[in-house]
Amino acid sequence: DTEVTQTPKHLVMGMTNKKSLKCEQHMGHRAMYWYKQKAKKPPELMFVYSYEKLSINESVPSRFSPECPNSSLLNLHLHALQPEDSALYLCASSQEDRGSETQYFGPGTRLLVL
Amino acid sequence: GQQLNQSPQSMFIQEGEDVSMNCTSSSIFNTWLWYKQDPGEGPVLLIALYKAGELTSNGRLTAQFGITRKDSFLNISASIPSDVGIYFCAGRDSGAGSYQLTFGKGTKLSVIP
């Protein structure tokens, strides 16, 4: 089983709203990722959690706040977003040994900020 | 940051034809991955390559890790309409952190029935 699940599938929010994206995996992977993907572009790395600790933050604005409650769950809290933040947000996970580069992606959350 | 050159950018082919796409890098990569992405969905892993020279097949798909460790190709044989999508190569630069993949810009494949 190489399944990463994400909820919601679609999200529309205003610039003053607070919302959260959720990601879950049960493959025993200890690294989890958030990516942002604009149309016709490759995914761009935002955050990496390793063993439930934030290990990489790619200079992402503070209006995006990640959280890793446990090894299977990853959240992305959204607050005061801008219209240019509209994109497909992808979660991924990987193992912590040889082959750790192999990341498995979820289906994504399509976010529209009005 | 490091970028991969993926080509072609797009291709239109007739159903039943074979397809080839490739990625090249100016630096040495330790891993090459090939993903397929359908519109509005997340990338799906097709093939993972970990050793220089490695040739791996997955059904009608074949991918190779270049011997110089600076390139990889993906071939699709006897294309069918469901092969339509965007194919991304991705890899880890030998000088990069463990979690950081570099992605190509994608090859958009269209299959004409």
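Here is how names work: the chains are called A, B, and so on, in the same order as the sequence lines, proteins then strands, and each is numbered from 1.
For the residue pair A:H77 / A:S20, a side-chain donor-acceptor distance below 3.5 Å is found, with atom types taken as modelled.
At most 12 heavy atoms of other shown residues, nucleotides or ligands fall within 6.0 angstrom of atom NZ in A:K53. The environment of CD in B:E15 is crowded: more than 12 heavy-atom neighbours from other residues, nucleotides or ligands sit within 6.0 Å.
For A:Q37, the part lying under 4.5 angstrom from a heavy atom of chain B is the side chain only. Heavy-atom distances place no part of A:Q6 under 4.5 Å from chain B, backbone and side chain included. Within the 4.5 angstrom heavy-atom criterion, only side-chain atoms of B:Q37, from C-beta onward, approach chain A.
Checked against the 6.0 Å centroid threshold, A:H79 and A:F64 do not count as a close aromatic pair.
Nearest approach of B:I112 to B:F12, heavy atoms of both residues: CD1-CB, 4.5 Å.
When each of B:P43, B:G42, B:G40, B:A48 is checked for heavy-atom pairs under 4.5 Å with chain A, B:P43 comes out on top. Of the residues considered (A:P43, A:C91, A:A39), A:P43 shows the highest number of contacts with chain B, using heavy-atom pairs under 4.5 Å.
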